[in-house]
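Okay, so here's the structure we're looking at.
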Amino acid sequence: MAIEKVKCLIIGSGPAGFTAAIYAARANMNPVLYEGLQPGGQLTTTTEVDNFPGYPEGVTGPQLMEDLRKQAQRFGADIRSGYATSVDFSGTNRIVEIDGETKIEAQVVIISTGATAKYLGLESEEKYKGLGVSACATCDGFFYRKQDVAVVGGGDTAAEEATYLAGLANKVYLIVRKDHMRASKAMQQRVENTPNIEVLYEHVTQEVLGDANGVNGVRLLKKGTEEVVINVTGFFLAIGHTPNTEIFKNFLELDEVGYIKTKPGSSHTNVSGVFACGDVQDPHYRQAITAAGSGCMAALDAERYLGSLL
Ligand code: NDP
């Protein structure tokens with residue numbers, strides 16, 4: 001297999017990857033960016049984005065990603081379709097295999113492969129994705145003002161998203177599969193103290209209901225026996241995310257969930273010349289703008305690293 005040598009390789013095409021590409025291209029690092037399986041990343045699955053600075057009227061997720069892509073291309077970033085299938089970070093140069101058929105040897109690698117929200121795996125959930133089913137309350141909650149919505153999950157994210165939505169929606173059902181929540185006590189207390197949240201313990205989602213206008217209810221099974229239908233127009237998943245780090249685990253330090261560990265306040269991983277940015281290293285904020293900010297950090301860190309080699 002022939003090896004192509006590049007100065008800067010960026011893996012992943014969300015806000016982090018494209019921002020890294022913009023900065024790297026402007027710094028004459030000739031970045032090559034592989035877009036991965038979901039070009040544009042998670043934002044391409046949302047509709048309106050109202051909280052990305054610079055768009056006073058809002059922008060759709062796909063349009064925002066197209067704008068970032070074009071901006072990176074304007075400065076000469078080489079954006080390619082392809083999926084990183086394996087890496088070898090054992091030598092001085094970093095080797096990344098694309099689609100199992102092309103090898104790239106890079107002086108610096110910027111990883112921005114993101115995280116994937118977990119879904120329940122129901123057919124009906126898939127059917128109404130973007131039509132009432134969402135995995136991001138901060139992104140989509142605004143569209144459910146004064147409506148009734150449901151959040152599924154029992155961890156900190158579910159508690160946080162339910163509380164956030166309670167500030168916008170008329171009523172929030174929090175669907176918890178066990179008889180208790182896993183969220184921290186403080187978060188649980190916030191949920192309990194919010195009058196328009198109703199926690200449905202020991203309820204398991206069976207089906208998301210809807211019609212051509214989108215979601216209009218959820219069918220639940222209570223304590224394994226009784227069927228219950230709640231009328232909601234929004235169904236929010238908050239059952240965790242899976243960082244896309246499988247191919248890196250033999251070389252990079254990951255936390256217990258699988259997020260890449262970066263040195264605090266930087267994008268440096270434990271391998272010199274390999275940097276991580278965006279959701280792949282961020283279990284906390286997970287916003288497009290924080291991902292973009294960390295993409296900028298990664299490009300600056302990579303530029304300084306390359307400068308130190310001269
Ligand atoms: P967690 O993995 O902590 O929780 C996932 C929740 O989803 C659990 O309650 C789990 O139920 C439930 N769940 C998983 N699969 C299903 C399913 N198929 N059906 C129904 N329920 C399901 O993920 P989080 O995203 O909540 O948190 C991730 C990490 O980020 C944690 O460490 C958390 O503390 C942290 N975090 C911190 C915040 C903060 O400090 N402000 C805010 C958000 C996250 P079960 O309990 O039954 O397994």
Side-chain angles (χ1 to χ4, degrees), residues 42 45-46 51 114-129 133-141 149-167 172-194 197-209 215 217-230 232 234-246 253-262 264 276 278-291 294:
Q42 289 188 78
T45 66
T46 70
N51 55 7
T116 307
K118 289 184 193 163
Y119 284 82
L120 297 170
L122 302 170
E123 214 174 282
S124 55
E125 177 189 54
E126 192 61 36
K127 184 171 166 189
Y128 293 110
K129 250 189 211 172
V133 171
S134 164
C136 180
T138 331
C139 320
D140 298 329
V149 300
V151 176
V152 60
D156 281 326
T157 301
E160 198 168 70
E161 303 227 329
T163 318
Y164 173 77
L165 286 167
V172 180
Y173 294 96
L174 181 55
I175 305 166
V176 181
R177 65 180 173 185
K178 292 191 178 142
D179 64 357
H180 62 273
M181 290 180 70
R182 187 196 294 199
S184 61
K185 284 281 166 281
M187 295 298 285
Q188 289 192 44
Q189 227 152 36
R190 277 182 67 190
V191 168
E192 278 161 24
N193 293 340
T194 308
I197 300 179
E198 183 180 344
V199 186
L200 303 175
Y201 289 107
E202 292 183 85
H203 281 68
V204 175
T205 307
Q206 302 288 293
E207 188 184 2
V208 181
L209 309 169
V215 171
V218 181
R219 187 163 57 80
L220 305 165
L221 196 60
K222 181 180 173 183
K223 296 192 176 172
T225 52
E226 191 187 334
E227 252 188 25
V228 182
V229 171
I230 52 171
V232 291
F235 181 73
F236 290 87
L237 279 305
I239 58 171
H241 284 75
T242 310
N244 302 318
T245 52
E246 183 61 28
E253 271 177 28
L254 309 178
D255 73 8
E256 60 285 354
V257 180
Y259 288 92
I260 296 175
K261 282 191 184 173
T262 49
D279 285 11
V280 75
Q281 51 84 58
D282 172 20
H284 296 294
Y285 301 105
R286 299 195 295 242
Q287 299 301 299
I289 189 63
T290 51
S294 73

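What you see is a predicted model, and the numbers here were worked out from it, not measured in a lab. Whatever order the structure lists them in is the order used to number ligands and atoms, beginning at 1. Scope of the values below: all heavy atoms of this structure, side chains included, with no hydrogens, waters or symmetry mates.
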State whether E227 and K222 are salt-bridged, where the test is any N-O pair (Lys NZ or Arg NE/NH1/NH2 against Asp/Glu carboxylate O) under 4.0 Å. no
CZ of R190 to CD of Q188: how many Å apart, nearest 0.5 Å? 12.5 Å
Sorted by chain and number, sequence neighbours left out, side chain to side chain donor-acceptor pair (under 3.5 Å) with T157 holds for R286
Partners of E126 by side chain to side chain donor-acceptor pair (under 3.5 Å), sequence neighbours excluded? K129
List the residues meeting side chain to side chain donor-acceptor pair (under 3.5 Å) with D282, not counting sequence neighbours, and say none if there are none. none
Just by distance, no angles: are the side chains of T138 and N51 close enough, under 3.5 Å, to form a donor-acceptor pair? no
Which atom pairs, nitrogen or oxygen on both sides, join ligand 1 and the protein at under 3.5 angstrom?
unit_1, atom_1, unit_2, atom_2, d
ligand 1, 2 (O), R182, NH1, 3.3
ligand 1, 9 (O), G154, N, 3.0
ligand 1, 9 (O), G155, N, 3.2
ligand 1, 11 (O), R177, NE, 3.3
ligand 1, 25 (O), T157, OG1, 2.6
ligand 1, 26 (O), D156, N, 3.3
ligand 1, 26 (O), T157, N, 3.0
ligand 1, 26 (O), T157, OG1, 3.2
ligand 1, 34 (O), D156, OD2, 2.6
ligand 1, 41 (N), E160, OE2, 3.1
ligand 1, 46 (O), R182, NE, 3.2
ligand 1, 47 (O), R177, NE, 2.9
ligand 1, 47 (O), K178, NZ, 3.1
ligand 1, 48 (O), R177, NH2, 3.0
ligand 1, 48 (O), R182, NH2, 2.5

